Amino acid sequence: MTAAIRTQHGVEFARIMSIGVHRPERVVTNAEICTFIDSSDEWIQERSGITERRFAAKDESVVDMASSAAHKAIEAAGIAATDIGMVLVATVTHPYQTPSASTEVAARIGAVNAAAFDISAACAGFCFGVSLANDMVRSGSSTYVLVIGVEKLTDWIDPRDRGTAFLFADGAGAVVIGPSEVPAIGPTIWGADGGQKDAINMSQSLIEYRDNGGPIFPVITMQGQQVFRWAVGEMAKAAQRALDAAGVDAGDLDAFIPHQANNRITDAMVRALKLPAHVPVARDIVTSGNTSAASVPLAMERMLRTGEAKSGGTALLIGFGAGLVFASQVVTLP
Amino acid sequence: MSQDILSGLAVIVNEVAGVPVEDVTSEKSFVDDLDIDSLSMVEVVMAAEDKWGVKIPDSEVKNLKTVGDAVTFIAANS
């Protein structure tokens, strides 16, 4: 006879309880970027909206930045690190195949009771993490989940590539997700299109580099127009589906926080969503650049800190990037 | 037909980039005369695809130098 297996039960709802970020100290202007590429401050601002970004120090690692953001999020949540049951780190720039960044972060912050793993979903990684954490809390596999988006993209770009050098930057953002009395994280609309894997990818694998060398170490390359077309054409639709799934009208939003890919993409998404002018739109990219998995929490923190959006407000999140992959959900702001 | 496409395209270029409709004429270069950058060009192409039910692949976009090139391509493929 098959043995009876007991299962776990969680709670009905989960919410984002708190947020913490790490912004590297060093500010890099467009003028400094233009010492490496043939471009101008005006061109960079027109194409992306970026005026400056932050680069991590040489000895400031993905794990350092993630741990710094995590400390702040845990403190703001009013829980102990030992209460955390899961540490999820969304990143594509941790420079080790194994072990994951998450296990080291968990040890660093004292989350000794937590399981931990990394999420490889590029610029959508944070929103993937929010979805997983929501499911974990609601199913009972963890009471508190730490979700971190972190990147040190400057280790993996070619500073002489006109298409990417001005765009990518470094940083980290963390949230604690835990039980809620009321619904506070809507259904996630997500997907993947590996047919477009070449739109954003690595110039070669590390194995190819080891065996054959090459002009430069493997770096992130991007087909800008292809990504722009996909983002503008498909991502507004995905965001609309997330609104519909949550039963929220665009006009009821208190914030729209898309991945800070490029202000031009954000502009086009705002138009396609017919977002009313009274809804504040995250523009953290202007001074932070595109920080991939870190961009949504960094942008969220800025809106809350500056008062552009308020704790308890309703926000539409969407992450999208290399894969291609995307994830979108409506959340209550911490 | 071509005249209708030209006027439709002028409206699209106006909506995407704010170029006055009357400035969008056949001989104008998108980049040099109308100041349409590569990202705005993608938006123009996407709007044209929706309007006339054509597929304009990225590989073709770079061949569409002038407004007239775009009109000809759309007329031939819609």
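Letters A, B, ... mirror the listed sequences (proteins, then strands); counts begin at 1. Not measured: the values here are computed from a predicted model.
- If you take CE on B:Met41 and CZ on A:Phe228, they are separated by 12.5 Å, rounding to the nearest 0.5 Å.
- Here the closest heavy-atom approach between residue B:Ser40 and residue A:Arg264 is recorded as OG-NH2, 2.9 Å.
- With a 4.5 angstrom heavy-atom cutoff, A:Arg271 touches chain B only via side-chain atoms.
- Residue-environment remark: CD (A:Glu42) stays at or below the threshold of 12 foreign heavy atoms within 6.0 Å.
- Residues A:Gln226 and B:Val42 are not in side-chain contact: their nearest non-hydrogen atoms beyond the backbone lie 4.5 Å or more apart.
- Counting all heavy atoms, side chain and backbone alike, A:Arg229 lies closest to B:Pro57 at NH2-C, 4.0 Å.
- Using a 4.5 Å heavy-atom cutoff, the side chains of A:Asn262 and B:Leu39 are in contact.
- When the shell of 6.0 Å around NZ of B:Lys28 is examined, it contains more than 12 heavy atoms from other residues, nucleotides or ligands.
- Interface remark: B:Val16 contributes no atoms to any contact with chain A (heavy atom separation under 4.5 Å).
- Crowding of B:Asp58 atom CG: a count of heavy atoms from other residues, nucleotides or ligands under 6.0 Å exceeding 12.
- Counting heavy atoms of neighbouring residues, nucleotides and ligands inside a 6.0 Å radius, atom CZ of A:Phe36 does not exceed 12 of them.
- Distance check, rounded to the nearest 0.5 Å: CG of B:Asp37 to CZ of A:Arg47 gives 4.0 Å.
- Of the atoms belonging to B:Glu49, it is side-chain heavy atoms, and not backbone ones, that fall under 4.5 Å from chain A.
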